[in-house]
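In what follows, chains are A, B, ... by sequence order, proteins preceding strands, each numbered from 1. Because only heavy atoms are used, hydrogens play no part in the values below, and waters and symmetry mates are left out as well, while side chains stay in.
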There are 2 protein chains.
Amino acid sequence: METVTDAALADTLREAGLKVTEPRVAVLSALTDIPHSDADTVFGAVLPSLPGTSLQAVYGVLAALTTAGLLRKIEPAGSSALYERRIGDNHHHIVCTECSAVRDVDCVVGHAPCLTPSDAGGFTVHTAEVNFWGVCPDCQSALNQKSAD
Amino acid sequence: METVTDAALADTLREAGLKVTEPRVAVLSALTDIPHSDADTVFGAVLPSLPGTSLQAVYGVLAALTTAGLLRKIEPAGSSALYERRIGDNHHHIVCTECSAVRDVDCVVGHAPCLTPSDAGGFTVHTAEVNFWGVCPDCQSALNQKSAD
DNA sequence: CAGTTGTTTTGAATAACTCAAGACAACTTG
DNA sequence: CAAGTTGTCTTGAGTTATTCAAAACAACTG
């Protein structure tokens, strides 16, 4: 089942004008399974299939794929850099303040007034980023349990 | 002129239930003059008036003041943590992608639909954060000049 | 299949930040 | 106004995420 996807991933890489290498396919595959992963998590995910890989290689691949537009890099305050394959739509993220879990949040379509600041102070605005902070369901349960004791 | 402000800053600290110390007053004063400064910049700003200060002391003061609610800590992707005194209003920031300069952006009052995500996926949303990315006037000029050559 | 270009490996270095223990100063109480 | 207590600052070292550089290596081109 991996192989099927791998061919598609290889095509994706080729279309982006990148050489197809094992580490790159592995990283893409890992991020397909576990989005919002940091470099170390990706490294851990690709290690079984690529025993000779190093963390630095993962950093290199992530940087290359991000530059090529295949990955999106997000850097929530307090966390290390996370990567995801979902690109092209400007969706947002919600981060759990308890466990740092990240989840995608769709932007309300055709309804993005925050993307145009009232006064940009002479800046030319290129992109807008929205991050939400809250508590994920799991941590809510945990907190409720604790307060119930 | 500093002394006048210092008394006010001391009061601010006292009102927040914090002990009034020279490093704290100096840090508050520095951030009044140069907002959106990182720890190192603050350190450089307070060093003349407090020759014996260390960077760690600044980190400690910044953390204490942030916890007390006197400072707001912002962590734009790619930059180190920045601090500002403007708190209480949830204004946003625009960061220059060229020089990392930061500027405040007022939120459109009573007009914050982005603060309520369409689907929070079970998360309890506490706060929303909006960051803009663009090019500051200075860097625009620099870029225009370059392309005109 | 050989060559070129670009990628990965290996090793080390950097920067931002944190932790811990003792010295010290600020507010409180008598 | 002096002494005590509490909390802050100083000093020093350590951690983590990330980046840099050079040599070994593999992928696409013709």
Sequence neighbours left out, cut at 3.5 Å: what donor-acceptor pairs do the side chains of residues 50-62 of chain A make with other protein atoms?
unit_1	atom_1	unit_2	atom_2	d
Thr53(A)	OG1	Leu50(A)	O	2.8
Ser54(A)	OG	Ala57(A)	N	3.2

Non-hydrogen side-chain atoms of [X] and [Y] separated by less than 4.5 Å:
X         : Y         : value
Cys96(B)  : Trp133(B) : no
Thr5(B)   : Leu28(B)  : no
Pro137(B) : Phe123(A) : yes

Examine the side chains of [X] and [Y] and answer whether a donor and an acceptor come within less than 3.5 Å of each other.
X         : Y         : answer
Asp104(B) : His91(B)  : yes
Glu84(A)  : His93(A)  : yes
Asn131(A) : Glu129(A) : yes
Thr41(B)  : Asp38(B)  : yes

Table of protein N/O atoms under 3.5 Å from nucleotides 2-5 of chain D N/O atoms:
none

Neighbour count above 12 (heavy atom, 6.0 Å) for Glu98(A) CD
yes
Kindly state which residues belonging to residues 72-81 of chain B come within less than 4.0 angstrom of DNA chain C, counting heavy atoms of the residue only, listed by number.
Ser80(B), Ala81(B)
Expected list for residues 41-48 of chain B near DNA chain C, using heavy atoms below 4.0 Å, is none
Side-chain N,O ([X]) to OP1/OP2 ([N]) below 4.0 Å:
X        : N       : answer
Tyr59(A) : dT18(D) : yes
Arg24(A) : dA27(D) : no
Arg14(A) : dA27(D) : no

Quick one: does any side-chain atom of Gln140(B) pair with a main-chain N or O of Gly122(A) as donor and acceptor, under 3.5 Å?
yes
Got a donor-acceptor contact below 3.5 angstrom from the Ser29(B) side chain to the Val25(B) backbone?
no
Between [atom1] on residue [X] and [atom2] on residue [Y], distance to nearest 0.5 Å:
X         : Y         : atom1 : atom2 : value
Ile94(A)  : Arg103(A) : CD1   : CZ    : 9.0 Å
Arg72(A)  : Arg85(A)  : CZ    : CZ    : 14.5 Å
Thr124(B) : Phe132(A) : OG1   : CZ    : 14.0 Å
Ile34(A)  : Leu82(A)  : CD1   : CG    : 11.0 Å

Tell me the interatomic distance from [X], atom [atom1], to [N], atom [atom2], rounded to whole angstroms.
X        : N       : atom1 : atom2 : value
Asp40(A) : dT18(D) : CG    : P     : 9 Å
Leu65(A) : dT7(C)  : CG    : P     : 10 Å
Glu22(B) : dC27(C) : CD    : P     : 12 Å
Leu62(B) : dT18(C) : CG    : P     : 10 Å

With the criterion being N/O to N/O and under 3.5 Å, what pairs connect the protein with nucleotides 10-15 of chain D, and how long is each?
unit_1	atom_1	unit_2	atom_2	d
dG12(D)	N7	Gln56(B)	NE2	3.4
dG12(D)	O6	Gln56(B)	NE2	3.4
dA13(D)	N6	Gln56(B)	NE2	3.4

Angle by which the axis turns from one end of the helix from dC1(C)-dG30(D) to dG30(C)-dC1(D) to the other, five pairs per end, to 10 degrees:
40°
Looking at Arg24(A) and Asp6(A), is any side-chain nitrogen of the basic one under 4.0 Å from a carboxylate oxygen of the acidic one?
no
